[in-house]
Asks: 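Have a look at the structure that comes next, please.
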Amino acid sequence: MNLSQVNTPIYNGASQKINFNADFQGDDATQGWTTYVMMTNVGTTNMTVEHTIPSGSVGNYIIPTVSPTMTPKTLTVNQNGTMTYNGSLQNVPLTIIGIEGTDEVTASTDQVKNAGSYSQAVTLGGAAANNYQVSSNVSITVDKFTLTVTQDGTLTYNGSLQDVPLSINKFGNDDVTASTVQVKDAGSYSEAVTLGGAAVNNYQVLGNVSITMTPYTLTLSQVSTPTYNGAAQQIDFNADFRGNDATQGWTTYVMMTNVGTTNMTVTHNIPGGSVGNYIIPKVSPTMIPYTLSLSQVNTPIYNGAAQRIDFNADFRGNDATQGWTTHVMMTNVGTTDMTVEHNIPSGSVGNYIIPTVSPTMTPKTLTVNQNGTMTYNGSLQNVPLTIIGIEGTDEVTASTDQVKNAGSYSQAVTLGGAAANNYQVSSNVSITVDKFTLTVNQSGTLTYNGALQDVPLSINKFGDDDVTASTAQVKNAGSYSQAVTCINSNSKRNIYI
């Protein structure tokens with residue numbers, strides 16, 4: 001049997017009847033018999049044909065299976081929502097209108113990347129995809145990405161027009177740049193942004209960028225360093241003005257009176273239209289304190305106590321009228337590098353260097369005498385001395401060169417002891433060494449021999465002193481009292497007989 005499809009339904013998700021004309025033979029063609037299938041899905045093949053042929057006649061025919069035609073339903077596919085450029089290929093979100101029931105059908109296009117409008121072929125997928133078709137391409141729009149543009153880092157005034165460094169949140173290595181007009185002066189700006197680069201069409205900027213130009217902080221270097229003189233003095237500074245500003249002859253300075261003044265506001269002649277381009281820092285200039293010259297007023301004599309020594313000081317300017325005083329309290333002669341006491345107010349003392357002083361104090365004059373008597377003893381002797389005039393418990397000693405021979409001396413006195421420097425001796429000390437009195441005796445016996453005889457004598461001289469004793473010769477036996485004569489003038493002066 002040959003079967004020809006009569007009707008072609010459009011897929012609707014339900015089972016639909018598709019009729020076939022059959023070439024019944026002979027009188028069978030007039031019997032009104034029918035052949036058909038109940039078809040649900042497009043593309044169903046080898047379907048068994050249903051019919052109304054009576055059982056007594058059906059055996060006369062072979063009824064083949066059929067693969068009917070069913071028209072896929074045409075779907076409407078649109079872009080679902082908006083797409084914005086993100087630097088990468090993107091899947092296109094699509095909406096599908098016309099799916100029957102719970103049919104599983106998806107729609108997709110080729111991925112897109114750059115901003116713009118596209119007409120893309122649609123590919124259907126899913127378990128029920130064969131039941132549907134799309135009659136035309138889908139229109140797709142990828143919007144430009146809106147850049148966030150900000151100033152990149154800081155801009156500091158330099159006296160010239162400057163490009164504004166900008167940062168943009170572009171994607172990856174996209175060739176897109178952002179720029180504004182150049183700016184010069186310090187301040188805040190709202191500037192339009194111009195985009196450039198090969199990828200510029202994928203980006204947009206919707207507003208101006210805020211720009212801040214920071215004032216330049218001047219570096220000030222002190223030109224001169226005055227010495228304090230009691231008056232306000234101008235201290236100039238070199239300032240590193242930027243660009244052409246450096247040629248304008250602008251000046252910066254302070255008027256400084258006191259040493260150590262800090263955080264001073266700088267005076268300048270920068271015009272009003274330019275001063276806003278600079279931050280002028282406060283300064284703490286250097287001023288050299290004046291070193292006072294101190295002249296001693298009084299010179300006391302040492303008395304064992306602390307004594308005030310005043311000094312005249314050459315105070316500067318109006319300071320000289322303030323009645324300020326300088327002095328030391330000095331006890332010992334020869335004290336050096338003494339710190340000067342003063343009544344200079346704390347607000348002014350820093351203006352001066354007050355040198356240490358080594359004042360003059362007159363040593364007290366002592367009276368030094370020989371203490372007791374001295375008698376020749378054949379040796380060098382220390383001279384016992386008494387000292388008159390020592391203050392309190394001062395430790396002072398006096399000495400002279402040792403003496404030996406009997407006689408009178410005028411000797412220089414040397415002072416010693418912890419307090420010796422506080423004293424002086426104005427003249428030599430008078431010293432007397434008395435002669436030693438010899439004891440002279442007859443040495444042994446003398447016997448009359450009819451002639452004059454020398455008398456042997458013994459004397460108690462010192463050591464090897466060259467001194468001898470003699471008397472007149474005697475002859476006759478008897479007792480004598482004879483005068484003794486000392487011989488050798490060098491020793492004789494030391495001896496009493």
Asks: Do Leu3 and Pro64 make a side-chain contact, defined as non-hydrogen atoms from C-beta onward lying under 4.5 Å apart?
Replies: yes

Asks: Under 3.5 Å, is there a donor-acceptor pair between the side chain of Gln182 and the main chain of Val164?
Replies: no

Asks: List the atom of Met1, the atom of Ile53, and the distance in Å for their closest heavy-atom pair.
Replies: CE-CD1, 4.1 Å

Asks: Distance alone, cut at 3.5 Å: any donor-acceptor contact between the side chains of Thr286 and Thr225?
Replies: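 No, no side-chain donor-acceptor contact under 3.5 Å.
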
Asks: Please check: side-chain N/O of Tyr423 versus main-chain N/O of Glu391, any donor-acceptor pairing under 3.5 Å?
Replies: yes

Asks: Side chain to side chain contact (heavy atoms under 4.5 Å, CB included), that's the test. Do Val396 and Leu366 meet it? Break it down for me.
Replies: CA-CA 10 Å; Val396 183; Leu366 297 174; 4.1 Å; yes

Asks: Thr212 and Ser188: which non-hydrogen atoms are nearest, and at how many Å?
Replies: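 In this case the closest contact between Thr212 and Ser188 is OG1-OG, 4.1 Å.
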
Asks: Would you tell me whether Tyr228 and Asp319 have side-chain atoms, one donor and one acceptor, within less than 3.5 Å of each other?
Replies: yes

Asks: Report yes if the distance between the aromatic ring centroids of Tyr216 and Phe241 is under 6.0 Å, otherwise no.
Replies: no

Asks: Distance-only, no hydrogens or angles: does the Asn269 side chain make a donor-acceptor pair with backbone N or O of Thr251 under 3.5 Å?
Replies: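 Answer holds: yes.
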
Asks: Could you tell me the separation between the CG atom of Asn318 and the OG1 atom of Thr257, rounded to the nearest 0.5 Å?
Replies: 11.5 Å

Asks: Is the side chain of Gln79 donor-acceptor paired with the backbone N or O of Gly81 at a distance under 3.5 Å, no angle test?
Replies: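 Side chain of Gln79 to backbone of Gly81: a pair is present.
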
Asks: Can you list the residues that meet the salt bridge (Lys or Arg N to Asp or Glu O under 4.0 Å) rule with Lys144, with sequence neighbours excluded?
Replies: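 If we apply the salt bridge (Lys or Arg N to Asp or Glu O under 4.0 Å) test to Lys144, skipping adjacent residues, there are no hits.
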
Asks: Side-chain contact, heavy-atom cut-off 4.5 Å: Ser358 with Thr335?
Replies: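 Not in contact.
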
Asks: Verify whether one side chain among Asn201 and Tyr85 offers a donor that lies under 3.5 Å from an acceptor in the other.
Replies: no

Asks: Is the backbone of Asp23 close enough, under 3.5 Å, to the side chain of Gln25 for a donor and an acceptor to pair up by distance?
Replies: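 Here the side-chain-to-backbone pair exists.
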
Asks: Tell me if a side-chain donor or acceptor on Asp175 pairs with a main-chain N or O of Ala198 at a distance below 3.5 Å.
Replies: yes

Asks: Would you name the heavy atoms of Val328 and Thr339 that are closest together and state the gap between them?
Replies: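 That would be CG1-O, 3.7 Å.
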
Asks: What heavy-atom pair brings Ile168 and Val176 nearest, and what distance separates the two atoms?
Replies: CD1-O, 3.6 Å

Asks: Report the C-alpha separation of Thr267 and Met255 in whole Å, then their side-chain angles, then the decisive distance to 0.1 Å, and conclude whether the side chain to side chain contact (heavy atoms under 4.5 Å, CB included) test is met.
Replies: CA-CA 8 Å; Thr267 303; Met255 295 302 296; 6.0 Å; no

Asks: Is Asp163 close to Ser179 at the side-chain level, that is, under 4.5 Å between some pair of heavy atoms?
Replies: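 The answer is no, as the side chains (C-beta and beyond) never meet within the 4.5 Å cut-off.
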
Asks: Mark yes when over 12 heavy atoms from residues, nucleotides or ligands other than Ile10 sit less than 6.0 Å from its CD1; otherwise mark no.
Replies: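 12 or below, so no.
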
Asks: Hey, mind stepping through Asn298 and Gln296 against side-chain hydrogen bond (donor to acceptor under 3.5 Å, both in side chains) and telling me if it holds?
Replies: CA-CA 6 Å; Asn298 58 309; Gln296 186 170 338; 5.7 Å; no

Asks: State, yes or no, whether a side-chain contact exists between Met361 and Met330 at a heavy-atom distance under 4.5 Å.
Replies: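 Sidechains of Met330 and Met361: in contact.
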
Asks: To check you understand the geometry: which heavy-atom pair defines the closest contact between Gln204 and Thr146, and what is its length?
Replies: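 Heavy atoms only, the tightest pair is NE2-OG1, 2.9 Å.
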
Asks: Step by step, work out the side-chain hydrogen bond (donor to acceptor under 3.5 Å, both in side chains) result for Tyr11 and Asn130.
Replies: CA-CA 10 Å; Tyr11 174 77; Asn130 286 340; over 6 Å; no

Asks: So, for Thr71 and Gln133, which heavy atoms are closest and what is the spacing to 0.1 Å?
Replies: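 Shortest heavy-atom separation between Thr71 and Gln133 comes out as CG2-NE2, 4.3 Å.
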
Asks: Going by atom types only, do Asn137 and Gln120 share a side-chain donor-acceptor pair under 3.5 Å?
Replies: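 No - no donor-acceptor pair under 3.5 Å links their side chains.
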
Asks: I'd like to know if the side chain of Gln248 reaches the main chain of Trp250, judged simply by a donor and an acceptor atom lying under 3.5 Å from each other, with no hydrogens or angles considered.
Replies: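 Pair absent, no side-chain N/O of Gln248 close to backbone of Trp250.
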
Asks: Ser284 versus Thr261: any side-chain heavy-atom pair under 4.5 Å?
Replies: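 They are not in contact (no side-chain heavy atoms under 4.5 Å apart), so the answer is no.
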
Asks: Report yes or no: is the cationic atom of Lys17 (NZ for Lys, CZ for Arg) closer than 6.0 Å to the six-membered ring centre of Tyr36, at no more than 45° off its axis?
Replies: yes

Asks: Would you say the ring centers of Phe145 and Phe171 fall short of 6.0 Å from each other?
Replies: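 Judged by ring-centre distance (under 6.0 Å), Phe145 and Phe171 do meet the cut-off.
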
Asks: Find out whether Met329 and Arg308 are in side-chain contact, i.e. whether some heavy atom of one side chain is under 4.5 Å from a heavy atom of the other.
Replies: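 A side-chain contact exists here, since the closest heavy-atom pair is under 4.5 Å.
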
Asks: Mark yes or no for whether Gln233, through its side chain, and Thr227, through its backbone, hold a donor-acceptor pair below 3.5 Å.
Replies: yes

Asks: Measuring from atom CG of Asn258 to atom CG of Asn351, what distance do you get when rounded to the nearest 0.5 angstrom?
Replies: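 The distance works out to 4.5 Å.
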
Asks: Begin with the C-alpha distance, continue with both residues' side-chain angles, and end with the deciding distance and a verdict on side chain to side chain contact (heavy atoms under 4.5 Å, CB included) for Arg242 and Tyr278.
Replies: CA-CA 9 Å; Arg242 302 288 88 183; Tyr278 294 98; 3.7 Å; yes

Asks: In sequence, state the C-alpha distance, the side-chain angles, and the governing distance for Thr65 and Val49, and then conclude on side chain to side chain contact (heavy atoms under 4.5 Å, CB included).
Replies: CA-CA 6 Å; Thr65 60; Val49 177; over 6 Å; no

Asks: If I take atom CG from residue Leu415 and atom CD1 from residue Ile387, how far apart are they, to the nearest 0.5 angstrom?
Replies: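 If we round to the nearest 0.5 Å, Leu415:CG and Ile387:CD1 are 6.5 Å apart.
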
Asks: What distance separates Phe237 CZ from His268 NE2, expressed to the nearest 0.5 Å?
Replies: 13.5 Å

Asks: Tell me, do Ile18 and Gln5 make a side-chain contact under 4.5 Å, heavy atoms counted?
Replies: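 The answer is yes; the side chains approach within 4.5 Å.
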
Asks: Return the OG1 to CG distance between Thr326 and Asn343, rounded to the nearest 0.5 Å.
Replies: 8.5 Å

Asks: Looking at Thr35, is its backbone amide N or carbonyl O close enough to the side chain of Glu50 to form a donor-acceptor pair, meaning the two atoms are under 3.5 Å apart?
Replies: no

Asks: Rounded to the nearest 0.5 Å, how far does CG of Asn202 lie from NZ of Lys170?
Replies: 12.5 Å

Asks: Taking Asn263 for its side chain and Lys282 for its backbone only, find out whether a donor-acceptor pair lies under 3.5 Å.
Replies: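 Between the backbone of Lys282 and the side chain of Asn263 there is no qualifying donor-acceptor contact (under 3.5 Å).
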
Asks: Quiz question: by atom type and distance under 3.5 Å, do the side chains of Asp314 and Tyr290 form a donor-acceptor pair?
Replies: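 A donor-acceptor contact under 3.5 Å links the two side chains.
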
Asks: Is there a side-chain contact between Thr400 and Leu385, using heavy atoms and a 4.5 Å cut-off?
Replies: yes

Asks: Using the rule given for side-chain hydrogen bond (donor to acceptor under 3.5 Å, both in side chains), can you reason through Thr150 versus Ser167, listing the C-alpha separation, both sets of side-chain angles and the distance that settles it, and then say yes or no?
Replies: CA-CA 5 Å; Thr150 58; Ser167 66; 2.7 Å; yes

